[in-house]
Engineer: 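Can you keep this structure in mind? I'll have questions shortly.
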Amino acid sequence: MSKQENFQLTKTFYMENENLNKPNFAEKFLDILKTKKRMITIVLILFLIIFLFTWGLKIYKENENSKIAEKFIEAGVQLSKSKKQESKIIFEEIILSKNQFYSSLALSKLIENDLESDSQKILNYFVLVEKINKDKDHKDLIKLKKALYLFKISKDTEGKKLLEEIIADNSIWKDAAKDILD
């Protein structure tokens with residue numbers, strides 16, 4: 001065997017041994033799992049808890065929304081049976097539930113059907129419904145309805161001020177507000 005061949009064999013031998021001594025990816029991963037087992041378990045449990053909490057909260061909100069929808073329908077049924085007092089109570093419950101969708105609908109029904117004669121109470125409901133809604137367009141719609149209600153109860157200056165705010169904000173309800181002011 002020549003020196004060249006001997007050198008080549010020795011080099012190959014060392015390279016093979018070097019590869020045997022280097023842990024592969026799977027071995028490294030298993031070593032990390034063994035050493036960090038407790039931390040990994042805690043992280044997985046936390047993710048599971050967060051997932052279950054989020055899922056449970058979603059189900060709870062859906063159930064609450066369904067109950068409020070049923071109440072809204074019940075109030076409409078009571079109204080159609082000319083049971084205004086029962087209908088009024090249910091609509092007020094819906095408003096006070098602070099449901100983003102049904103509270104504003106219940107307030108509209110309360111006003112449309114003259115179920116509440118106390119104008120201050122209605123104005124307080126408007127404040128409540130305005131706080132619930134985060135969408136600018138929806139808030140502007142509620143302002144528009146409030147302005148119309150203010151005109152209805154002869155508070156023209158306050159109603160006009162709200163309509164001017166809607167116009168100044170360049171709301172999608174701007175044209176409706178202009179039509180009302182004309």
Engineer: State whether Glu130 and Lys143 are salt-bridged, where the test is any N-O pair (Lys NZ or Arg NE/NH1/NH2 against Asp/Glu carboxylate O) under 4.0 Å.
Structural biologist: no

Engineer: List, by chain and then residue number, the residues other than Ile167 in its hydrophobic cluster (Ile/Leu/Val/Met/Phe/Trp/Tyr, side-chain heavy atoms under 4.5 Å); write none if there are no others.
Structural biologist: Leu141, Leu144, Leu148, Phe151, Leu163, Ile166, Ile172, Trp173, Ile180, Leu181

Engineer: Any side-chain heavy atom of Phe91 within less than 4.5 Å of one from Leu107?
Structural biologist: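 Not touching, per the 4.5 Å side-chain cut-off.
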
Engineer: Ignoring hydrogens and angles, state whether a donor on the side chain of Lys61 or Asn65 is under 3.5 Å from an acceptor on the partner side chain.
Structural biologist: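 No donor-acceptor contact under 3.5 Å links the two side chains.
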
Engineer: Would Glu92 and Lys121 count as a salt bridge (Lys or Arg N to Asp or Glu O under 4.0 Å) if you check the C-alpha gap in whole Å, the side-chain angles of each, and the deciding distance to 0.1 Å?
Structural biologist: CA-CA 10 Å; Glu92 287 177 338; Lys121 199 171 187 182; 3.4 Å; yes

Engineer: Do the side chains of Lys139 and Asp135 get close enough for a salt bridge, i.e. N-O under 4.0 angstrom?
Structural biologist: no

Engineer: Is there a side-chain contact between Lys37 and Thr41 (heavy atoms, below 4.5 Å)?
Structural biologist: yes

Engineer: Any side-chain heavy atom of Ser87 within less than 4.5 Å of one from Lys83?
Structural biologist: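 The answer is no, as the side chains (C-beta and beyond) never meet within the 4.5 Å cut-off.
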
Engineer: Taking side chain as C-beta onward, heavy atoms only, is Lys109 less than 4.5 Å from Phe72?
Structural biologist: yes

Engineer: Are Leu128 and Asn124 side-chain neighbours, meaning at least one heavy-atom pair lies under 4.5 Å?
Structural biologist: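 When only atoms from C-beta onward are counted, Asn124 and Leu128 do not touch, as no gap falls below 4.5 Å.
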
Engineer: Is the closest basic N to carboxylate O distance between Asp156 and Lys161 below 4.0 Å?
Structural biologist: no

Engineer: By the salt bridge (Lys or Arg N to Asp or Glu O under 4.0 Å) test, which pairs, at least two apart or in different chains, include something from residues 68-79?
Structural biologist: Lys71-Glu93

Engineer: Check which hydrophobic residues are tied to Leu46 through side-chain heavy-atom contacts below 4.5 Å, counting indirect links as well, and list them.
Structural biologist: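 When side chains under 4.5 Å apart are linked, the cluster holding Leu46 also contains Ile42.
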
Engineer: Would you check if there is a donor-acceptor pair between the side chains of Lys145 and Ser108 at a distance under 3.5 Å?
Structural biologist: yes

Engineer: Within the distance-only criterion (no hydrogens, no angle test), does the side chain of Asn113 pair as donor or acceptor with the backbone N or O of Leu115 below 3.5 angstrom?
Structural biologist: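 No, Asn113 side chain to Leu115 backbone: no donor-acceptor pair under 3.5 Å.
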
